[in-house]
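Notes follow once the structure below has been shown.
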Amino acid sequence: QMADPFLYNTGERSHYGCLGHEVQIEYLKAYICRPSFFTDKAVIVVHDVFGWRFPDIRYIVDLMAGHGYITICPDFFKGTEPWKSTDHWPDFPDWMKNHDPTKVDKEADVVLKYLKEQCGAKKIGIVGFSWGGMAVHHLMLKNPQLTAGVSLYGIVRDSEERYSLLNPTFFIFGEKDHTISLDQIFLLEDKLKQYCKVPYKIKVYPGQVHGFAQLKPEDMKPEDKPYIEEARRDMIDWIKMFV
């Protein structure tokens with residue numbers, strides 16, 4: 001019996017006044033936020049198990065938009081129920097079977113088409129958290145339209161084809177994440193050295209648990225704050241370098 005990995009408390013979330021709005025794209029709902037000036041650069045944000053409406057993920061969307069990107073978080077769960085902090089942890093594997101982070105290609109294509117045709121995006125990056133981190137790892141192996149990716153605490157594990165990344169990808173991990181062991185991170189690094197032909201980076205943040213990087217400022221513990229802020233800066237710098 002594994003302990004519940006979502007170690008940050010998802011109970012009372014502080015209220016977040018979002019800067020963007022919701023849109024319908026074909027069969028998907030999405031949350032979108034645009035910078036105040038015209039840009040042809042965009043970023044897709046892939047939510048974690050708590051879904052596209054979770055306040056923390058909307059905070060990240062607005063943060064990226066504030067750095068000059070048309071930023072969008074589609075509902076990759078396609079209207080089905082996200083995982084809730086009140087759900088029972090033993091049910092999680094079953095829930096995951098119906099929410100496979102490596103089966104997001106169709107949704108990604110729908111959103112890429114929208115960004116290019118409706119928003120005038122020419123360069124598009126992607127960032128994802130936890131479940132979304134796995135989706136990003138998968139998409140960076142499959143979709144050449146994504147100029148760069150940042151995968152936060154998500155590793156695609158059960159696939160042979162997980163090291164031939166198509167475009168620059170940055171992997172962010174917490175040292176104390178008990179859903180991803182340091183061994184898995186070292187293996188990823190080792191294999192990328194052998195097989196990866198594009199720029200990549202792996203960074204482990206000291207003392208940090210699963211889900212650390214999307215906390216809003218008022219939900220951070222003082223000792224974690226420097227690492228959370230560093231991870232976000234690193235994420236944004238990677239996107240700025242390539243997108």
Side-chain angles (χ1 to χ4, degrees), residues 13-48 50-79 82 104-133 135-136 139-140 143-152 154 167-170 172 213-219 228-243:
R13 306 313 285 162
S14 51
H15 180 71
Y16 181 63
C18 299
L19 305 175
H21 62 280
E22 295 183 2
V23 288
Q24 184 79 38
I25 308 169
E26 293 183 29
Y27 63 97
L28 291 175
K29 283 189 158 61
Y31 173 70
I32 187 166
C33 190
R34 293 168 181 261
S36 54
F37 52 85
F38 175 80
T39 177
D40 60 3
K41 296 176 172 193
V43 172
I44 298 167
V45 174
V46 192
H47 54 71
D48 63 11
F50 300 115
W52 74 295
R53 287 201 164 101
F54 198 51
D56 297 26
I57 220 69
R58 298 207 164 182
Y59 176 80
I60 296 290
V61 173
D62 293 358
L63 181 74
M64 291 299 317
H67 282 271
Y69 295 91
I70 302 160
T71 311
I72 191 164
C73 178
D75 175 14
F76 280 95
F77 297 162
K78 299 169 284 195
V104 288
D105 303 83
K106 188 168 170 245
E107 287 68 48
D109 283 339
V110 165
V111 176
L112 282 160
K113 182 170 179 263
Y114 170 81
L115 288 170
K116 287 177 174 173
E117 292 178 4
Q118 306 297 315
C119 305
K122 299 223 177 3
K123 288 181 92 174
I124 302 168
I126 189 165
V127 303
F129 298 80
S130 184
W131 187 94
V136 166
L139 288 166
M140 293 312 292
N143 198 320
Q145 297 180 79
L146 295 161
T147 311
V150 183
S151 166
L152 295 97
N167 279 314
T169 308
F170 179 25
I172 286 177
Q214 70 251 52
L215 287 179
K216 299 194 300 305
E218 57 274 34
D219 297 322
I228 296 170
E229 289 176 347
E230 185 183 348
R232 286 192 191 154
R233 251 196 328 273
D234 291 346
M235 167 182 84
I236 290 160
D237 287 348
W238 187 262
I239 292 292
K240 284 192 166 161
M241 202 167 8
F242 297 105
V243 181

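Note that the structure is a prediction, hence the values are computed from the model and not measured. These values consider heavy atoms only, across backbone and side chains, with no hydrogens, waters or symmetry-generated copies.
When the ring-ring contact (aromatic ring centres under 6.0 Å, His included) test is applied to Tyr69, no partner is found at least two apart in sequence or on another chain. Asp75 pairs by the side chain to side chain donor-acceptor pair (under 3.5 Å) definition with nothing, not counting sequence neighbours. Remark: Trp131 engages His47, Phe77 in a ring-ring contact (aromatic ring centres under 6.0 Å, His included) (not counting sequence neighbours). By the side chain to side chain donor-acceptor pair (under 3.5 Å) test, Asp40 pairs with no residue at all, sequence neighbours left out. Listed by chain and residue number, Asn143 satisfy the side chain to side chain donor-acceptor pair (under 3.5 Å) test with Asp109 (two or more places apart in sequence, or in another chain). Under the salt bridge (charged side-chain N to carboxylate O under 4.0 Å, His left out) criterion, Lys106 pairs with no residue at all, not counting sequence neighbours.
The environment of Lys116 atom NZ is dense: over 12 non-hydrogen atoms of other residues, nucleotides or ligands sit within 6.0 angstrom.
Put simply, CG on Leu139 and CG on Leu146 are 6.0 Å apart, with the number rounded to the nearest 0.5 Å.
Across Asp48 and Ile57, no two heavy atoms sit closer than the pair N-CD1, 4.4 Å. Heavy atoms only, all atoms of each residue included: Ile172 and Ala231 are closest at CD1-O, 3.7 Å.
Taking the ring centre of Trp238 as origin, the terminal cationic atom of Arg233 falls outside the region bounded by 6.0 Å and 45° from the ring axis.
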### Steps toward side chain to side chain contact (heavy atoms under 4.5 Å, CB included) verdict (Gln145, Ile124)
CA-CA 7 Å; Gln145 297 180 79; Ile124 302 168; over 6 Å; no
### Message
As a quick check of understanding, evaluate side chain to side chain contact (heavy atoms under 4.5 Å, CB included) for Thr169 and Phe242, giving each step before the final call.
### Response
CA-CA 10 Å; Thr169 308; Phe242 297 105; over 6 Å; no
